[in-house]
Amino acid sequence: MSGSKPDILWSPHQPDRFVICDSELGLYRIGPVGSAETKAGTLPLSEESAATLLAINSDTPYMKCVAWYPKHEPECLLAVGQANGRVVLTSLGQSHNSSCKDLVGKEFVPKHARQCNTLAWNPVDSNLLAAGLDKHRADFSVLIWDISSKYSPEASVAAEKIRLSSVDLDSSTVVTKPLYELGQNDACLSLCWLLRDPKLLLAGMHRNLAIFDLRNTSQKTFVNTKAIQGVTVDPHFHDRVASFFEGQVAIWDLRKFEKPVLTLTEQPKPLTKVAWCPTRTGLLATLTRDSNIIRLYDMQHTPTPIGDETEPTIIERSVHPCESQIGSFAWHPSSQNRMVVVSAANRAMTDFTVFERISLAWSTTTSLMWACGRHLYDCVEEGAEGVESMIEKDIATKMRQRAQSRYGHDTIQVWRNHVLAGGNDPQLKSLWHDLFYMKQCAEDMELKLQGNKQSVVYSGIKNIVKTSSGTTESRRCWSGSDRQTDVPRYHSEERCLALRLCGWISRGPEIDMEAFLRSLEQEREWERAAAVALFNLDIRRAIQILNKGATAEKGDLNLNVVAMALSGYTDEKSSLWREMCSSLRLQLKNPYLCVMFAFLTSEPGAYDGVLYESSVAVRDRVAFACMFLNDAQLPRYIDKLTNDMKEAGNLEGMLLTGLTKDGVDLMESYVNRTGDVQTASFCMLKGSPGEVLKDPRVQCWIENYRNLLDAWRFWHKRAEFDIHRGKLDPTSKPLAQVFVSCNFCGKSISYSCSAMPHQGRGFSQYGVSGSPTKSKVTSCPGCRKPLPRCALCLMNMGTPVSNCPGTGKSDEKVDLTRENKLAQFNNWFTWCHNCRHGGHAGHMLSWFRDHTECPVSACTCKCMQLDTTGNLVPSDSS
Amino acid sequence: MFVARSIAADHKDLIHDVSYDFHGRRMATCSSDQSVKVWDKTENGEWHCTASWKTHSGSVWRVTWAHPEFGQVLASCSFDRTAAVWEEIVGESNDKQRGLSHWIKRTTLVDSRTSVTDVKFAPKHMGLMLTTCSADGVVRIYEAPDVMNLSQWSLQHEISCKLSCSCISWNPSSSRAHPPMFAVGSDDNNVSCGGKVQIYEYNENTRKYSKAETLMTVTDAVHDIAFAPNLGRSFHVLAIATKDVRIFKLVPMRKESTSTGPTMFEVQIVAQFDNHNSQVWRVSWNITSTLLASSGDDGCVRLWKANYMDNWKCTGILKGDGSPLTGLSGQPTAMSTMMGSSVQTSQNAINGMSAGSLHAYFLL
C-alpha cells in the first residue's frame, strides 16, 4: 500500500462487502447488475455484478498494510499498519454506537519507529494481532499486540505503566506494550498464523522462515531461505504453506520444513501476491508486477514428506480478467473460485470467476454432458421437431429422423424415399428419382429382352452413351413454325435410354415428352417445363406453358414477358432479337429461362451456355446433351461432367455414373463431405445385385450405418435393414447362431423343432388338443429321449404352452391369447445361458415379472438381470 | 436449441471425466475424490446414480466404457499409477431392485511407474484391448485374450513416446483399408521438444506399432485429443486441445502394394480456433463427427461445425457453470445460450425461431 498501489480485502463474514485500500480505505458492496438497489454511483464489475461505494475512510495516512478483524463482532474492524510502525484500529461505515466503538482509534506503537510490513489477526484468539516490522538495530521485529489489553484485568498493571511513561499520548487509546516481542535483531516481511495450531506464528524474516511458538517464545523453528515474502497457509491443507521471492514460489510442508517440497516455475517478473483459493483445494493464484494475467497453479497432487516420493501433478493456467495491469486481487471467501481484481492504475475493479477445467462428452443421440467442478450439466437439443426444422439439423439428427420415417425402405415408388428423407434436399430428390427411373427401365428391359441388359441400365449414362452406335441425325422443324431449322438432333437407342433415365420420356419407342411436360406443369415448374418444350423444338408449346404459368402464378409478369420474347424468335444470325436476347438473358434470374435464350441464340453444336449452367439440374443438361451433341462431343461432355460431380460428391451425378465403381467414387466424396452413410448404404443396395456391393467401401458404409442404428437402439430398424440387404446381397445373411443338441445323443434337435409332422413319436401323452398339423414333438428326433422340461409347468419342450394357472392373473391370460404372434412366442423354449435352466418363454417371462432368481430350486441365478443390454428397450419400437 | 440442466453429481471433489456407453443410456464420471460413479438414464430422460465406489488411492483422471458386447465393463486410470478394469455383476443382494448395481474390480494394471493419465479401449473389431498412457511417456496396450475372464490381461505392446503423455485416442475406423492406429498427446510445456502429437500405426508384418506421423506444428502442451468417428470416410480427422482448438485431416496416401512401411499421410490443418482465449481442455466429437465440442479456460463450452465447403465455424457457446453462481447444484437451471456466427441470425429470422437455435447448415 505504498500510496498508489491498491489492495483488496474481502469481508470475512459479509459475502458482499470488500475494502479497497490505497491512500484511503473504501468499502464497497457488490450486487447483481440492475438490482433494485442500483444507484447512480455503482461501478460495473462484470456482466452480472456491480459495486456500490458505501463508505470512505481517510483517517489513517501512510498505510502500509491492512488486516480485517476475523470475527463476526465487531464487524468491519480493520487494523492498519503505517509507515512509522504504528498499528491503528479503524472502521468503515459503522454507526457510532456499534460494538467496536471502544476499539476504533486505538493505536499500538512500537518502541522505535520503522515501517510496518505486515499484519495478521490470530484466527482463533482474535484479540491477538501480529505486526511485522522492519529491522531497527537489535529491536524486535515481530510484535504481538493484545487489542483488549486495556480491559483485561491482568493487563491493567501494564496499562498503568504505559500511562505513566507516555504522558503526551491519550492513554485510553494508545498501547505501547506488546503482549509478545519476537524476532530480535531481524526484519519481518510477512506473517501468518498457522491454522493447525493457533499458538504458532509463521514469519518471513530477513533471510529465513521462522515459526514462533507463543507458549515458548524463546524458541523458534526456522529454515534459511530467500523465499520469505507473502507467507500464506493453504486453508484446505494446514501443513502446506506458500511463500515467494522475486519470481519464484516455494511450497512448504510444515511436517518437513527443511526445504520446499516444490518450487514453481520461475516467472520473469517479481511476484507481488500469492493466494490460496479458499473455496477449492490446491488452487494457488499468483500475480507478478506490471502484468494483466493471473497465473493459477492447480495442484492436484503435491509431494508429501510422508509416503513415497511422487511426481507432482500441477496444472498451470493463466487467466486475464481484465485488459489493464492488475494491482491486486482477492479470492472471495465463499463464492466458488471467484475473485475481485483491482487495476494498478485507476482502481477499476473486475469481478471474475475462475472456471474449472470442463470435461465433456457427446452421447450417441447428440446430447452433450459436461462436468464443471463438482457439477454435471446435461445439455440436450430441444426445439421444434418436424420438417421445417430439418434443414438446420445435424446429419446425425437427420439420419435418426430419416431412419424412423423408414427412409430408403420404399422399394416400389423409389422416388418417394426423398420425401421420407424430409423432401427438402435437392440432391436426394435427384438421386432417388435417378434410382426410380433406373429401376423402371430395368424392369421394362427385363420384360422385353429377358437378357442381361439390365445391368446396362445401372451402369450410368456415361457408360451408356459410350457404347452408342448407329446415331442418326435429324433436322426437325420447329413445331408451330414453318421455318426449316438447322438445329441437328441426334437419335440412337442408347440416347433414347439416356433420355428415359433422365425422366424426360417414358417407355415406348416414340420420343414423346408430353407426359413429362404435363407432370412438370402439375408441379408448377413452369420455367423448366417451358425449357424442356423448347428443347423439344416446340416453341408454341413453350409459350403456351409460360402463359399458363403466368395465369397460375397470378399474373407473373416475368413469365409473360419471356413468352413474348420467345414468340419473336428468329433464326437470322444478325437480328436485333438475337443480339438483345444473348446479352439480356444473363439478367434473368431463373436458370431455365436463361438457358432457353442461350439455346436459341447459340450456334448449333456450341451450347456451352446451356451445358455449363450449373444451376440447371444435371438431368436436364444431360438430356439436352443427349439430344443435341454429336457422338464426338457427347462423351467428352459427359466425362467432364462426371468428373466434376465425383469431385464435388454431388449426388445428381449418380445419373451419369450409375451404380458402378464411378458411382462408388462419387458416393465416397459425398460421404467424405457429409457423413451420410445412410443414403450411401441404401443407394448402393438399390441396384442390381452387382459388383458394387463387393466394394470394401460400400461394405464399410453399410457396417457403419448398422453400427449407428445399433448405437441409437434402433434395433428393429437395423433388423429391417438387414432383411432388405439380404434380398440383394445373399452373402450378408448370417448363419444360424445357435444349435440345440440332445442331452443324450448329442444330435441337433432342430429337426423336431421345425413344424414338420413327425412319425412315431414316443412321448405323445402330453399332446394337447389342437390342429393335427401342429407339432407336438417333445422328444429328440435322433434317440427318442424326452426333451428337457419347462422349469415351471414341468412339461417337456415342444409342448404348447397352457395358461399359467399358478399366477392367477386374469389379465395375463388375455395377454397370452390376445395376439397369435405373441402366443407362438410363448411356446418357444428358452433358457438362461448362465445356469442352463429354462422353459417356455411365456412362463419364464411371467415368473421373472415377480421374481429375480431362477425358478429351479436351489438355483440362485439372477437370470433376467445378467444381461444389461437385454434390459434396454429399443428406442424405435412402435 | 441446446438447453442445459444441472445434475446433482454429489462428487466430493473435481470431476475429471465424463463418459457415455455405446448406447448413450449409461454414463460414468470420475473425480479427485478417488471414486467412480455410474449413472443410468431412465425412460423419461432423468439420470440416476446407480453405483458409486472408491476406485483408486488418488485422483481418477479418466473413465471409459468397453463395447457392450464385452459386458458392462469400465476402465479407469489414476494418479496412483494404476489403471483398473471394472465389471458390473449381479450380486447376491437385491441391489438392482434398490436401483443400485454392483461393480467389482477385475484387474489392476500396475506397470506404470508414474501417474496414468489416460485409458481407452481399442475399437471393438480389434477385440478387447485396453490402452493406457502415463506421465513417464509410455503407452501400454493390454489384451484380454479370454473375454469371459477379465482378470487376465497381457501386456502386448509397450511404446515409449519420450514425452510425458496426457491423452490418447484410437482411430475408430473399422475399415480394413485402415490399419489400427492411435494418436497420443503430450502435455510437456517445453516448446522446443517438437511436435506434441504422435500417431502410431500397427504394422501387420512386424506386428508392432510404429510411429507414422508427428504433428510438428503442435508444439504447445496438448490436453486432449480425439479422432473423429470415421463413418466410412476415406480420411481421418483428429481434434486437438492445446492452446487452441485444432482440427487436422489425415489423408492416407495411396500405398504401393509392395511397401511394408507405415502408411504415409497427407496432413492438412482444416481449422484452428483461439476463441477460448487460453488453454483448451477437452474436445469431443459427436457420433457422425459433424459436431465438435470443446471446453477451455474461458469457462465456456463451444460447438463447432463445418459447412459443406469444410469451413469450420463456431455455432454455439454455452457457459460452463449453468446459472450465475447460485451454487445450488440440485436445482435444474435453464441456461441461456449465446449464438456464434451471423449465419444463425439469418437462419433464425427465416424460421422465426428463438435465438437459441444452434444449427444452420445447408446440405446442398
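Quick caveat: nothing in here was measured; it's all calculated off a predicted structure. In what follows, chains are A, B, ... by sequence order, proteins preceding strands, each numbered from 1.
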Trainee: With a 4.5 Å cut-off on heavy-atom pairs, point out which of B:S234, B:A226, B:G58, B:P229 contacts chain A the most.
Mentor: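 Looking at each option in turn, the highest pair count goes to B:S234.
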Trainee: Would you mind checking which part of B:V237 comes under 4.5 Å of any heavy atom in chain A, side chain (CB onward), backbone (N, CA, C, O), both or neither?
Mentor: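 Answer is neither: B:V237 stays 4.5 Å or more from chain A.
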Trainee: For B:K124, check salt bridge (Lys or Arg N to Asp or Glu O under 4.0 Å) against everything at least two apart and list the hits.
Mentor: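 By the salt bridge (Lys or Arg N to Asp or Glu O under 4.0 Å) rule, B:K124 matches B:E69.
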Trainee: Side chain, backbone, both or neither: which part of B:D33 has an atom under 4.5 Å from a heavy atom of chain A?
Mentor: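 Interface part for B:D33: neither.
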Trainee: Can you tell which part of B:S31 gets under 4.5 Å to a heavy atom of chain A, answering side chain, backbone, both or neither?
Mentor: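 No part of it gets close to chain A.
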Trainee: So what's closer than 4.5 Å to chain A heavy atoms on B:T29: side chain, backbone, both or neither?
Mentor: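 Side chain of B:T29 only, per the 4.5 Å heavy-atom cut-off to chain A.
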Trainee: List the steps, then state whether side chain to side chain donor-acceptor pair (under 3.5 Å) holds for A:T366 with B:N286.
Mentor: CA-CA 6 Å; A:T366 320; B:N286 76 336; 4.8 Å; no
Trainee: Taking salt bridge (Lys or Arg N to Asp or Glu O under 4.0 Å) as the test, write out the residues that go with B:D310, two or more places apart.
Mentor: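 B:D310: salt bridge (Lys or Arg N to Asp or Glu O under 4.0 Å) contacts with B:K249.
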Trainee: Let me know if B:R25 has heavy atoms under 4.5 Å from chain A in its side chain, its backbone, both or neither.
Mentor: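 Interface part for B:R25: side chain.
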Trainee: Contact part of B:W47 toward chain A, heavy-atom cut-off under 4.5 Å: side chain, backbone, both or neither?
Mentor: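 Contact with chain A: side chain only.
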Trainee: For B:V18 versus A:M369, what's the shortest heavy-atom pair and its separation?
Mentor: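 That closest heavy-atom pairing would be CG1-CG, 3.4 Å.
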Trainee: Restricting to non-hydrogen atoms, name the atom on B:I287 and the atom on A:A396 that form the minimum distance, rounded to 0.1 Å.
Mentor: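 It is CG2-CB, 3.9 Å.
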